[in-house]
Structures are given as structure tokens and as C-alpha cells.
Amino acid sequence: MDKVFIKNAGQLVTCAGSRDLMIIEDGAVIIENGVISRVGKTRELITEVDENQCDVIDAGGKPVLPGFVDCHTHFCFAGYRDDEFRWRLQGMSYTEIMRRGGGIVRTVQSTRAASFEELKSLSSRRLNSMLSFGVTTVEGKTGYGLDLETELKQVKVMKELSREHPVDIAITFLGAHAVPSEYKDNPDEYINYLIQEVMPVIVEEGGVDFCDVFCDQGVFTVEQTRQILLRGQELGLKSRLHADEIAQVGGAELAAEMGAVSADHLLKVSDKGIEMMAEAGVVAVLLPITAFSLKEPYAPARKMLGAGLRVALATDLNPGSCYSESIPLLFALSTLYMGLTIEEAVLGLTINAAAAIARDREIGSIEVGKLGDVIILDAPSYTHLAYHIGVNIVEKVIKKGQIVFDKGEE
Ligand code: NIG
Ligand code: FE
């Protein structure tokens with residue numbers, strides 16, 4: 001039916017404020033044609049609907065939240081690098097592995113070699129897993145092609161999946177993720193190739209919202225990054241940035257200068273960078289599972305919040321620095337180790353994550369006019385998202401008003 005009535009939410013965690021969960025006790029939601037049309041108390045909304053004329057979902061006193069938004073992932077890849085993980089366990093650093101020919105360029109080889117169908121099937125299975133953690137929208141990046149053909153293959157895979165899979169996908173072009181081996185000695189030539197030959201075709205294909213660059217020591221310089229982002233803006237792509245992950249290179253400052261939607265990682269961000277991001281309204285996307293997996297200190301989240309920055313959280317799922325799509329682990333690390341409150345973590349995965357992909361008018365909170373993307377938890381309170389460490393407590397996932405994951409029916 002076109003009308004869905006979700007009732008008896010012990011806590012309806014609306015996330016309607018970027019710094020406040022705005023919880024409605026014993027809340028209810030009406031979703032019509034996939035879009036939220038009413039939000040309120042169960043006892044009020046129950047008088048407005050004819051339960052025989054709509055699908056009724058009884059939350060039975062459990063918490064109901066907006067679907068999570070994983071706003072920074074590299075889920076579209078083929079091949080694994082578990083051998084590199086073993087080397088890291090033995091003490092080799094991510095950069096050392098990169099210098100020895102490991103890292104991103106290895107995933108590039110396997111992603112180039114994979115057929116469209118293989119890449120789609122691998123990516124689709126990863127989306128299933130994310131959905132089971134309550135994720136209803138993900139951002140996915142290219143960047144494992146580094147040539148026109150494969151970058152385009154990644155875009156097409158994500159476009160098809162966004163249509164066919166319940167999870168919506170915001171697509172980011174990350175052609176400047178690494179310098180591919182064929183341009184190893186001439187990175188500027190690679191940048192020209194991206195700017196002149198790759199980016200116009202990618203934009204022509206359609207469906208790509210953002211341009212991202214891995215701006216860091218040993219990867220792309222601030223100047224090179226500026227060139228690529230500017231070209232992206234010229235072509236209509238909003239900017240976002242892998243910034244100051246390995247070293248403090250001025251990535252955050254550049255994000256502010258470029259009016260980027262977000263700057264991500266930020267493990268080594270400068271105080272000036274934080275200040276400039278706050279002034280320019282750039283969302284800070286923090287990826288604590290990556291810091292954990294690389295055994296690096298966490299991003300200075302409290303300092304950022306103190307400076308008035310909007311802080312979002314994401315998994316950074318990728319085959320190298322962070323092979324994890326685990327939302328429970330993200331809650332554990334961001335609260336216990338990065339210093340966020342449970343409420344800040346929830347907002348970081350909902351409304352602030354939606355802002356990081358410029359979709360906070362459509363998703364990220366339970367408000368009239370937004371998509372009917374909500375989750376029901378099997379727990380007495382939303383606090384269990386952090387408190388019940390490492391355990392997936394998502395019971396049902398509802399996407400545009402339809403139940404698309406139900407733990408009870410697995
Ligand atoms: O976000 N930092 C750059 N890119 C990824 C790593 C990708 C990889 O190692 O394959 C990241 O951590
Ligand atoms: Fe990343």
C-alpha cells in the first residue's frame with residue numbers, strides 16, 4: 001500500500017536538529033508514497049489514519065531512528081589485500097606498503113581485471129551487509145580504475161545498483177586516488193589526462209555528484225588537488241577531500257578555500273584548518289575505524305565540535321586501510337576512543353552524514369518531506385547502539401516506507 005503507519009516507537013529519535021536528537025516518546029510516523037507526511041505521538045496520529053487502509057508497522061515500544069547514512073566508502077572494488085594487512089600486523093606502515101608497490105594500485109589491477117558483472121556482484125553483496133547494519137544511503141567512490149574505462153565501469157556499476165538495490169548511492173569521482181603505474185614518473189601528465197579526457201566523459205555519463213582527491217603526503221599536493229577540484233567545479237561536481245590523513249599538508253585549509261562540502265579523515269588537521277572549515281561551513285567526516293585499523297591517533301573530534309564544526313561519521317570501507325562496514329564498531333570507537341557522546345555519534349551517522357553528501361534536505365532525519373527511511377532497533381533504548389559493544393541491534397530497515405531488511409525473517 002502507498003500509505004505506511006509506524007506506531008508505538010518507544011523513542012522516536014528524529015535527529016531533526018544537527019546538535020539535538022529531538023526525541024518523541026511513544027512516537028509515530030506516517031509515510032505516503034515513500035515520503036514522510038506526518039510525525040508525532042502515536043495517540044495523536046492513530047486518530048488520523050484508518051489502519052485498514054494502510055500498512056501498519058508496530059514498533060512495539062522499541063526505538064525508531066532515521067536510516068544511517070554512510071557518507072564515505074570505497075565499496076566498489078575487486079580483489080583483496082589481506083597479505084598487506086598481515087604486513088601491517090608485523091609493523092609495516094601503510095605508507096611503506098604504498099612505497100613498495102602495494103596499496104591502492106594493487107586494487108586498481110584487480111578492479112581493472114574484473115568484469116562489469118563481477119564488480120557489480122561483489123559491490124551488491126557489500127551493500128546487503130551495510131543494509132543489515134541499518135544503512136539506507138551510502139556514498140561510493142571510484143578511484144580503483146585510474147583510467148577512463150575502469151572509472152566509468154565503477155560509475156556504471158554504482159548507478160545500476162542505486163536503481164536496483166534498496167540502498168541509495170551518492171557517487172563520487174575519485175580519479176585522483178593515486179597515480180597509476182603507467183604515469184608513475186609523471187603525475188602532472190596523469191592530472192592532465194584526468195582533467196582533459198576522463199572528467200568530461202564521467203560527467204557526461206551522469207549520476208556523479210562529487211569530485212574527491214586524496215590530498216596528502218606522497219599522493220597529490222595541495223596545488224594538484226586544487227587544479228582537479230576546480231575542473232570538477234567547472235563541470236558541476238561539488239568538492240570533497242581526503243584531507244590531512246597521513247600528514248598535515250593543508251588539506252583542511254584547501255577544503256575551506258574551495259567551499260568543499262566535506263573534508264574527510266583529518267587525523268593530522270591543523271588548528272587553523274579547523275577554524276577555516278568552521279567559517280566556510282565544511283562538514284568534517286571522521287573515519288575512526290581507519291585510524292583504529294592503521295593504529296593511528298584519532299581525529300581531534302572534541303576540538304572540532306568545540307570550534308562549531310559539523311561532525312559526520314563514516315566507515316571508509318575499502319580493501320586497504322579499513323576493510324570494515326561495521327556500524328557497531330563505528331559507534332564503539334567514536335564514543336569510547338574518539339570522545340563523542342552517544343548523541344553526537346547518532347547525529348554523525350544521520351543528519352550530519354546527510355549534510356556531508358549534500359542530501360540533508362531529503363534524508364538524515366525523521367521529518368515531514370523527507371524520505372521514509374527508518375530503522376527499528378531491538379533494544380530498550382538508542383543508547384544501546386554504543387553500549388551494546390560491537391553487536392548489530394538493528395531489527396528492521398525500512399526504505400521509502402518498505403521493509404527491506406527484517407532480522408526476524410533472515
Ligand atoms: O580512505 N585514503 C585514501 N583512500 C582510502 C584507502 C584506500 C585503499 O587503501 O585502498 C582511505 O583510507
Ligand atoms: Fe577514503
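Numbering of residues begins at 1 and proceeds along the displayed sequence. Everything numeric in this text was worked out from a predicted model, so none of it was measured. Indexing begins at 1, ligand by ligand and atom by atom, following the structure's order.
Put simply, the side chain of V13 does not reach to within 4.5 Å of the side chain of T350, judged on heavy atoms. Between K3 and I30, some side-chain heavy-atom pair lies under the 4.5 Å cut-off.
Contact annotation: C322 places no N, O or S atom under 2.8 Å from the Fe ion (ligand 2). With 2.8 Å as the limit, D316 counts as an N, O or S neighbour of the Fe ion (ligand 2).
Rounding to 10°, one obtains 90° for the angle at the Fe ion (ligand 2) between NE2 (H242) and NE2 (H72).
Residue contacts with ligand 1 do not include T107, since none of its heavy atoms lies under 4.0 Å from the ligand. At a 4.0 Å cut-off, not a single heavy atom of F77 sits close enough to ligand 1 to count as contact.
In summary, the atoms of ligand 1 found under 4.0 Å from a heavy atom of H72, numbered by their order in the structure, are 1 (O). Interface of Y144 with ligand 1, defined as ligand atoms under 4.0 Å from a residue heavy atom, comprises 7 (C), 8 (C), 10 (O). The ligand atoms of ligand 1 that sit less than 4.0 angstrom from a heavy atom of R81 are 8 (C), 9 (O), 10 (O). Every atom of ligand 1 is numbered from 1 in the order shown, and the set under 4.0 Å from a heavy atom of I104 is 7 (C), 8 (C), 9 (O), 10 (O). Atoms of ligand 1 found under 4.0 Å from any heavy atom of D316, numbered from 1 in the order shown, are 1 (O), 11 (C), 12 (O). The ligand atoms of ligand 1 that sit less than 4.0 angstrom from a heavy atom of H177 are 3 (C), 4 (N), 5 (C), 7 (C).
Checked against the 6.0 Å centroid threshold, Y193 and Y183 count as a close aromatic pair.
Using a cutoff of 4.0 Å between basic side-chain nitrogens and carboxylate oxygens, E395 and K62 are scored as salt-bridged. The pair R359-D168 fails the salt-bridge criterion, with no side-chain N (NZ, NE, NH1 or NH2) lying under 4.0 Å from an Asp/Glu carboxylate O. Between R100 and E84 there is no salt bridge, since no side-chain N of the basic residue sits under 4.0 Å from a carboxylate O of the acidic one.
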Salt bridge (Lys or Arg N to Asp or Glu O under 4.0 Å) between K407 and D378, worked out: CA-CA 9 Å; K407 203 176 185 177; D378 183 15; 5.1 Å; no

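Atom CZ of F292 has 12 or fewer heavy atoms from other residues, nucleotides or ligands within 6.0 Å.
Counting only heavy atoms of the protein, atom 2 (N) of ligand 1 lies nearest to E245 OE1, 2.8 Å. Protein heavy atom nearest atom 12 (O) of ligand 1, with residue, atom name and distance: S321 OG, 2.6 Å.
Residue T290 has no nitrogen or oxygen atom sitting less than 3.5 Å from a nitrogen or oxygen atom of ligand 1, judged on distance alone.
Scanning both residues, G140 and I169, for their nearest heavy atoms gives N-CG2, 4.2 Å.
When T136, V374, L131, I375 are each tested for a side chain to side chain contact (heavy atoms under 4.5 Å, CB included) with K399, only one passes: T136.
Of the candidates F214, Y94, Y323, it is Y94 that places a heavy atom closest to atom 8 (C) of ligand 1.
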